[in-house]
Each structure stands twice: as structure tokens, then as C-alpha cells.
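See structure below.
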There are 4 protein chains.
Amino acid sequence: MSRKEQKEKTRRRILSSAFELFKEQGYLKCNTADIALRAGTAHGTLFLHFGTKEQLLFECIEERLIDISNRLSHAARDAENLESMLRIYLHHIGNELEFETMIAREMPLLPVSLQRKIMAIRSGIAADFYQVLEWEMENGTIRHVDPAMALNFWFGTLNYYLANQALFAGDGNIIETSGNQLISYFIQSLRR
Amino acid sequence: MSRKEQKEKTRRRILSSAFELFKEQGYLKCNTADIALRAGTAHGTLFLHFGTKEQLLFECIEERLIDISNRLSHAARDAENLESMLRIYLHHIGNELEFETMIAREMPLLPVSLQRKIMAIRSGIAADFYQVLEWEMENGTIRHVDPAMALNFWFGTLNYYLANQALFAGDGNIIETSGNQLISYFIQSLRR
Amino acid sequence: MSRKEQKEKTRRRILSSAFELFKEQGYLKCNTADIALRAGTAHGTLFLHFGTKEQLLFECIEERLIDISNRLSHAARDAENLESMLRIYLHHIGNELEFETMIAREMPLLPVSLQRKIMAIRSGIAADFYQVLEWEMENGTIRHVDPAMALNFWFGTLNYYLANQALFAGDGNIIETSGNQLISYFIQSLRR
Amino acid sequence: MSRKEQKEKTRRRILSSAFELFKEQGYLKCNTADIALRAGTAHGTLFLHFGTKEQLLFECIEERLIDISNRLSHAARDAENLESMLRIYLHHIGNELEFETMIAREMPLLPVSLQRKIMAIRSGIAADFYQVLEWEMENGTIRHVDPAMALNFWFGTLNYYLANQALFAGDGNIIETSGNQLISYFIQSLRR
DNA sequence: AATGAATGAGGCTTCATTCAT
DNA sequence: TATGAATGAAGCCTCATTCAT
């Protein structure tokens with residue numbers, strides 16, 4: 001294996017152990033030494049690859065978000081309408097529940113620059129939704145509303161549920177518990 | 001009596017300097033020594049009055065929330081309809097913007113027990129909204145919806161705006177910037 | 001009730017709550033605020049009466065030791081021989097087990113001056129033993145030994161059992177568990 | 001290899017400065033910052049190597065006890081009888097007088113789990129004594145006694161002397177002052 | 001490129017004692 | 001005489017980051 005490959009492998013190990021610990025304990029509460037430990041590398045190596053803990057978080061998030069984003073966009077092509085799109089979206093959130101929960105909880109405490117980067121990555125998903133919304137509006141299947149506001153209500157409420165999951169669902173899976181309600185209420189609020 | 005007053009005064013100084021620093025820096029990032037310093041007391045005095053940093057936060061929150069809650073409930077009596085109630089609510093949030101922002105941001109990271117206490121205090125406000133919603137539904141001025149879900153969308157979205165204020169409004173006042181939009185979208189979504 | 005009586009009453013309340021807490025938690029681990037709290041007096045009052053925590057300990061010990069010492073000396077008059085005397089002694093220790101345990105554990109960490117005071121009070125008990133030992137030696141019921149050394153073995157071993165009670169008896173009562181063994185071994189070692 | 005050596009060196013510096021301070025001031029009264037200072041390392045380094053103050057104490061004790069234990073066991077092989085064994089033992093105690101004094105004084109105040117560990121390490125020494133005692137009993141050179149009790153009297157009394165050394169010997173060396181007396185009394189008490 | 005020992009500032013909390021009332 | 005609020009030094013421990021190897 002070449003030097004470059006070796007390096008990449010180390011990088012990936014750190015990234016994935018960071019991902020695990022961020023999910024398990026949250027970004028603020030987990031520490032870099034444990035991340036390196038679980039990655040099987042030296043503590044210092046982590047900083048060699050990522051410079052700071054924050055940068056590690058960003059790259060961790062970036063990768064995952066882009067991945068989720070892509071898978072979601074891909075799945076969204078099959079969505080015939082808003083409802084199936086919402087369903088697909090919640091399904092993906094449910095699959096990455098711990099990760100999405102962490103982001104919902106900790107993003108507001110991160111530096112704004114980082115928040116912006118996260119939002120930028122997510123804008124693709126928003127665009128997909130946007131399109132479906134407009135399409136349904138044109139078809140007359142939903143009311144004419146400001147699509148941006150509609151999405152803020154959707155993402156906002158979902159975020160709220162994720163961030164405060166402990167209150168809404170205890171240890172349960174908030175998507176399983178409340179996903180259908182969220183979808184049906186949201187759809188209903190857009191009906192004519 | 002003077003002794004008691006003196007103590008109460010100290011308590012209030014700590015409470016209000018904590019309140020300021022929590023708002024300025026957030027609960028997690030500010031430290032107890034600075035709070036005591038700004039309050040003009042010894043560091044130890046803070047723990048004499050509040051025991052732990054967390055308890056200080058709770059009492060800080062409790063007082064404010066109860067106050068806001070009361071003022072809001074009082075104002076809500078004059079509300080003839082949902083819209084004026086939402087307006088009153090946002091007005092109060094706007095008055096305590098930094099504080100509400102801090103809560104929106106940091107609550108998900110606090111111990112669940114503390115989260116519950118906060119929710120318990122806020123339940124009074126929710127009840128007021130609940131009543132107005134049901135009243136309007138009976139009157140036929142809004143559609144028949146699950147009022148609990150409606151409120152979750154309202155509070156959820158608002159929370160989302162507050163927590164991620166930096167993205168939505170930069171340094172501006174998110175209530176001034178987006179308050180009307182939020183209200184009108186929410187009302188609209190409830191229209192028949 | 002006169003001023004003086006009132007003062008004495010306060011003093012006694014502090015003394016007895018200190019006694020309780022010293023037994024329950026040990027001198028080093030318990031704190032003066034709790035003592036005052038349990039005594040139902042102000043924290044400052046404690047220092048008015050005793051000056052320092054250490055002085056409080058001393059007066060607390062002094063009173064009890066003198067009391068125990070007296071009762072013991074009194075009981076010792078009825079002792080016909082060494083064995084009954086040892087038995088009486090262990091009985092008294094057993095009655096004040098927590099207190100004696102605390103002294104055994106914490107005395108070596110106290111200022112030497114305080115240690116000396118404690119020893120001085122206890123010297124009366126030692127003298128009683130001394131007498132019985134010599135008497136039995138004269139009678140020929142036990143061997144001729146250095147009575148001072150014999151007593152050191154007795155008190156030393158007993159102290160060792162008390163101080164390390166957790167290891168020897170867990171939560172049980174070390175006197176009940178091992179008292180008879182101690183006596184019989186000690187007696188046996190003095191037989192001709 | 002140099003890295004490992006360097007680390008070991010630091011570890012040893014901390015260990016030995018801790019050892020010194022524990023002896024000089026006692027475990028409870030000395031503080032970790034001073035230990036690090038004397039070791040010439042940063043305060044945090046201490047916790048890197050030992051985790052907690054208590055663990056530092058344990059490792060400090062463990063090392064010494066095992067060392068003393070080994071040297072003692074080794075020397076015990078040459079002991080032809082109980083007396084020479086006691087002499088060897090006291091000699092070793094005398095060499096580590098401050099350390100043994102600290103243990104005698106502070107062990108009863110340590111967490112029971114730690115006490116047990118200490119006892120476990122010491123059990124080897126006790127076993128050596130046990131053997132000699134039984135051997136002498138078989139040979140008829142000493143009386144038939146419960147060897148466990150005999151050892152408790154020996155170790156108990158010795159502990160008592162060590163813990164309360166200040167009273168028995170002032171600043172002098174208690175082993176030099178009283179060692180012979182202890183041995184001869186103990187031996188005598190086992191004679192037929 | 002990787003290591004991992006070392007750093008040291010920073011954080012929360014405790015508590016015997018004082019002193020103004 | 002009694003109060004009890006206030007003090008502030010002291011204590012243990014954490015952790016992102018650096019740098020010599």
C-alpha cells in the first residue's frame with residue numbers, strides 16, 4: 001500500500017471513530033483523545049489530519065451530509081409527490097437518527113461559519129423539496145404558499161423534534177413515534 | 001430585616017449577572033468565576049446561594065420564564081383571536097430575545113431533568129394557546145386540526161428560528177425580520 | 001432561663017451534634033456548617049463557643065472520654081480479676097463503638113498536642129488496668145511481665161481492630177465478632 | 001526506546017516526589033500541585049500518568065510494599081526462628097519508617113477498596129510469619145496458639161506504635177527506641 | 001507521516017473562619 | 001450572645017493542542 005493510501009486509511013479511521021463518538025456523546029462532550037483511541041491512532045495524528053477538533057467535526061459532517069444529501073436526492077427522483085418525498089426524507093433521517101440529532105442539538109452552538117457550511121450542503125435537499133412543492137402548487141394539489149416558509153416550518157419543526165427528542169420520545173425513536181403525524185399534519189396544512 | 005434584604009440583594013446581583021453572561025456567552029461557555037466577578041461578590045458566594053452552576057441556570061431561567069409566562073398570560077386575556085395572541089407572544093419573545101435564544105440553543109444539551117422543568121414552566125403558555133386554538137376552531141374561523149400538533153409546529157419553527165438566528169437574521173432581530181411572516185404563514189395554514 | 005443557662009444549652013447542643021457527626025462521618029470529612037445545622041444554631045455560633053473545629057473536637061472528645069473513663073473506673077471496682085476487667089472494658093467500647101472507632105482512626109492525624117490531651121484523659125483507664133495486672137502478678141495468677149508492655153499490646157491490638165474494622169468485620173460489630181477471641185488470647189498469653 | 005524511557009523517567013519523578021510528600025505531610029494533607037511541582041512536571045502530567053490522586057497513592061504504596069515484601073521474604077529465608085524473623089521485619093520497617101508510619105496513620109481513612117489492596121499485597125509477609133510460627137509450634141519452641149491471633153497482636157501493636165509514634169517516641173525512631181522491647185515481649189508471650 | 005508525552009490554563013466546588021448586624 | 005452572609009484560598013481534575021522524536 002502506498003504512502004498516500006496509508007494516509008487516507010488513517011484519515012478514514014479517525015473520521016469514522018469521530019463520527020461514532022459525536023453521535024454517542026455529542027460534539028461538545030466527547031474528547032479528541034477518545035476519538036484517536038477508538039481510531040487506533042496516536043492522539044497527535046488526529047491534529048495532523050484535521051488541525052482542530054472543530055475542523056474534524058466539519059469534515060465529518062460534510063462527508064456524511066453530502067452522502068445523505070446525495071442518497072436523498074437520488075431517492076427523491078422517484079418521489080411522485082410531496083408526501084412520498086417527505087416519507088423518503090424521514091426514512092433517511094431515521095436511518096441516521098443519532099447523527100441528525102447531534103446536528104440539531106449542537107449546530108446552534110458552533111461558529112457561524114461552520115453553521116453556514118452545513119446549511120450550504122443541505123441546500124441541495126431543500127432545493128429538491130422546493131421543486132416538489134412548486135410542482136404540486138402548479139398542479140393545484142396544494143395551496144399556493146410561500147414555499148420557503150413552508151419548508152422552514154417543515155425543517156424547523158422536525159429539528160425541534162430531533163433536538164428535544166428526549167422530551168418527546170424518551171429513549172424511543174422519534175421518527176417512528178411521530179413521523180406519520182408530522183407528515184400528515186404538514187400535508188394537511190397545505191391542502192386547499 | 002436588613003440582613004435578609006442584603007442577602008436578597010446579593011442573590012439578585014448574582015442572578016442578574018448570570019443572566020447577562022448566559023445571554024452574552026451562553027451557559028456552557030461562560031464560567032462561574034466571571035459571573036461572581038461581575039456580580040461583585042466572591043466566587044464562593046455564588047455557590048452559597050445556588051449550589052451549582054446548573055442550579056443557578058435553573059433559577060435564572062425559572063424566574064424569567066415565570067415572569068414572561070405571567071406577563072404573557074395576562075396579555076393573552078386581551079387577545080381576541082389567535083393572531084393577536086401570536087403577536088403578543090412574539091412581542092414578548094422579542095423583548096427577551098437573547099434569553100430566549102440562549103434557551104433555544106442550549107436546552108437540548110442540558111440534563112433532561114432540567115429540560116423537563118423548563119417545559120413544565122412553559123406549559124402554562126402552551127395552555128393559553130391551546131384554548132385560543134380550540135375557541136377559534138369552535139367558532140369556525142380556523143380549520144379543525146390537532147391543536148397539539150399545530151402548537152408543535154408553531155413552537156418548533158419559532159425555536160428553530162431562534163436557535164439558528166445567526167443564519168436567518170445575522171445580527172438583526174429575528175422577530176422583527178421574520179415575525180410577521182411566521183405569523184401570517186401559520187395563520188394561513190390554519191385557514192379553511 | 002438565665003443567660004448563662006441559655007448559653008450552656010446552646011453549647012451542649014453543638015457538642016452533641018458534633019459528636020454525632022464525628023461518629024457518622026469522621027472528623028476530617030464532616031464540616032462545621034452541618035454540625036451547626038444539626039444543632040439548630042447559626043454556623044457562627046459554633047465558633048463563638050469553640051473557636052476552631054479542632055477545639056470543638058477536643059472538647060467533644062474530652063467530655064466523652066472523661067465520662068467513659070469514669071464509668072469504666074467505677075465499673076472496674078467490681079472487677080475481681082483481669083478477665084472481668086477486660087470484659088467490662090470491651091463492653092464499654094462496644095457501647096461507644098462509633099466514637100471509639102473514630103478516635104482510633106483519626107487520632108494519629110491530629111496535632112500532637114491534641115493527641116497528648118487524649119492520652120492524658122485515658123491514662124486513668126490505663127492505671128486501673130495496671131493495678132489489676134500487678135495484683136494478678138502478685139497473686140501468681142499470671143506471669144511476671146512488664147505491665148506497660150502488656151497494656152500496649154492490649155490497647156494496640158484493640159486499636160488496630162477498631163481502626164481497621166472495615167477489613168475485619170465489614171459492617172458488623174467488631175467487639176461482638178472478635179471481642180472474646182481478643183480477651184482469651186490476651187489472657188492466655190499471660191498465663192504461666 | 002528513548003520515548004518510553006523518558007516517560008518512565010517522568011513517571012518515576014512523580015512517583016518519588018509523591019512518595020516524599022506523602023511521607024512528609026501525609027496523603028490527605030499534601031496536594032497534587034505540589035507533587036507535580038517537586039517532580040518538575042506540569043500539574044496535568046501527574047493525572048496523565050496516574051489518573052487520580054488516590055491512584056497515585058496506590059501505585060506509590062504498591063511499588064514500595066511489593067519491594068519491601070520481596071526483600072523481606074528474601075531475608076526471611078535466612079531466618080532460623082521467629083525472633084530473627086521479627087528482627088528482620090523491624091529492620092525493614094525501620095528503613096522505611098516514614099512510609100510505614102504514613103500507611104499506619106492514613107490507611108483507615110482510605111476507601112475500603114484501597115485498604116483491601118494494601119492488605120492483599122501485605123498478605124505475603126503475613127504468610128511468611130505464619131509459617132515460622134507453625135514451624136516453631138511444631139518444634140515445641142513456642143506454645144500452641146492461634147497463629148492468626150498471634151499475628152494480629154504483633155501487627156496490631158506495631159501498627160499502634162507506628163501510628164502514634166509521636167506519642168511514643170517524639171521525633172525519635174520508634175523502632176530503635178522500642179523495637180527490642182516489642183520483640184522480646186512478643187516472644188516471651190509465646191514461650192511455654 | 002506518525003507518535004504520544006507533556007503542557008498549563010481553565011473549570012467547578014468546598015469549607016473553616018470572620019464580622020457586621 | 002447569637003446570627004448567617006460573605007469570604008477566598010485551596011483542591012482535584014480535564015483537555016485541545018504542541019513538539020521533540
Side-chain angles (χ1 to χ4, degrees), chain A residues 3-4 6-11 28-37 41-54 56, chain B residues 1-11 14 28-36 40-54 56, chain C residues 3-4 6-11 28-37 41-54 56, chain D residues 1-11 14 28-36 40-54 56:
Chain A
R3 269 286 179 75
K4 210 170 178 181
Q6 194 54 259
K7 181 175 178 183
E8 181 58 21
K9 210 172 160 188
T10 302
R11 191 190 140 85
L28 289 167
K29 281 179 189 159
C30 91
N31 63 336
T32 53
D34 283 344
I35 293 173
L37 188 70
T41 70
H43 194 185
T45 306
L46 187 155
F47 292 90
L48 200 67
H49 284 269
F50 301 96
T52 66
K53 186 187 179 190
E54 196 178 297
L56 173 58
Chain B
M1 187 53 69
S2 173
R3 276 293 266 301
K4 218 172 182 175
E5 281 168 357
Q6 199 52 252
K7 181 181 182 179
E8 183 57 23
K9 213 170 157 185
T10 302
R11 191 191 142 84
I14 294 171
L28 291 167
K29 281 179 189 159
C30 88
N31 65 316
T32 52
D34 283 345
I35 293 173
T41 69
H43 193 185
T45 305
L46 188 155
F47 294 92
L48 190 72
H49 284 269
F50 300 97
T52 66
K53 188 188 179 190
E54 195 179 300
L56 173 57
Chain C
R3 268 287 179 75
K4 208 170 180 181
Q6 195 54 260
K7 183 176 178 182
E8 182 56 23
K9 210 174 160 188
T10 302
R11 192 189 139 84
L28 289 168
K29 280 179 189 158
C30 91
N31 63 336
T32 52
D34 283 345
I35 294 173
L37 188 70
T41 69
H43 194 184
T45 305
L46 187 155
F47 292 90
L48 200 67
H49 284 269
F50 301 96
T52 67
K53 188 188 178 189
E54 197 178 295
L56 172 58
Chain D
M1 188 53 70
S2 175
R3 277 291 266 299
K4 218 170 181 174
E5 282 168 357
Q6 199 52 253
K7 181 181 182 180
E8 184 57 22
K9 214 170 157 187
T10 302
R11 191 191 141 84
I14 295 170
L28 290 167
K29 280 178 189 159
C30 89
N31 65 315
T32 53
D34 283 344
I35 293 173
T41 69
H43 192 186
T45 305
L46 186 156
F47 295 93
L48 191 71
H49 285 269
F50 300 97
T52 65
K53 187 188 179 189
E54 194 178 301
L56 173 57

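Chain letters run A, B, ... following the sequence lines, proteins first, then strands; residues in each count from 1.
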Please walk me through it: do A:Lys4 and A:Lys7 pass side-chain contact (heavy atoms from CB on, under 4.5 Å)? CA-CA 5 Å; A:Lys4 210 170 178 181; A:Lys7 181 175 178 183; 5.8 Å; no
When you match C:Gly44 and B:Gly44 each to their closest nucleotide on DNA chain E, which lands nearer the 5' end?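 Nearer the 5' end of the strand: B:Gly44.
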Mapping D:Lys7 and C:Gly51 to their closest nucleotides on DNA chain E, which lands nearer the 5' end?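 Taking each residue's closest nucleotide, the earlier one in sequence belongs to D:Lys7.
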Tell me the partner of E:dA20, counting only Watson-Crick (N1-N3 plus N6-O4 or O6-N4) or G-U wobble (N1-O2 and O6-N3) with both under 3.5 Å; none if nothing fits.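 Matched E:dA20 with F:dT3 under the 3.5 Å cut-off.
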E:dG8 pairs with which nucleotide, Watson-Crick or G-U wobble, both distances below 3.5 Å?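 F:dC15 - that is the nucleotide pairing with E:dG8, both distances being under 3.5 Å.
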Please check: side-chain N/O of C:His43 versus main-chain N/O of C:Ala33, any donor-acceptor pairing under 3.5 Å?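 At least one qualifying donor-acceptor pair exists.
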To the nearest angstrom, how far is [X] atom [atom1] from [N] atom [atom2]?
X       : N      : atom1 : atom2 : value
B:Leu46 : F:dA9  : CG    : C1'   : 16 Å
C:Glu8  : F:dA2  : CD    : C1'   : 16 Å
A:Phe47 : E:dT3  : CZ    : P     : 14 Å
B:His43 : E:dG11 : NE2   : C1'   : 8 Å
B:His49 : F:dA6  : NE2   : C1'   : 8 Å
A:Leu28 : F:dA16 : CG    : C1'   : 13 Å
D:Lys9  : E:dG4  : NZ    : C1'   : 18 Å
B:Gln6  : E:dT21 : CD    : C1'   : 10 Å

Taking only N and O in the side chain of [X], is any of them less than 4.0 Å away from OP1 or OP2 of [N]?
X       : N      : answer
D:Thr32 : F:dC12 : yes
B:Asn31 : E:dG10 : no
C:Thr10 : F:dA2  : yes

Under a 3.5 Å cutoff, is there a donor and acceptor pairing between the side chains of B:Thr10 and B:His49?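 No, no side-chain donor-acceptor contact under 3.5 Å.
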Side chain of [X] - closest among [options]:
X       : options              : answer
B:Arg3  : E:dA6, F:dC15, F:dG4 : F:dG4
A:Leu48 : E:dA2, F:dT7, F:dT3  : E:dA2
C:Thr41 : E:dA5, F:dT7, F:dT3  : F:dT3

Which heavy-atom pair separates A:Cys30 from A:Ile35 by the least distance, and what is that distance?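 Closest heavy-atom pair between A:Cys30 and A:Ile35: SG-CD1, 3.9 Å.
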Are any non-hydrogen side-chain atoms of A:Phe47 and A:Leu56 less than 4.5 angstrom apart? no
Between D:Lys29 and A:Ala33, who's closer to the 5' end of DNA chain F by nearest nucleotide?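 Comparing both residues, the 5'-ward one is D:Lys29.
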5'-most contact on DNA chain F (nearest-nucleotide basis), B:Gly40 vs D:Lys53, goes to B:Gly40
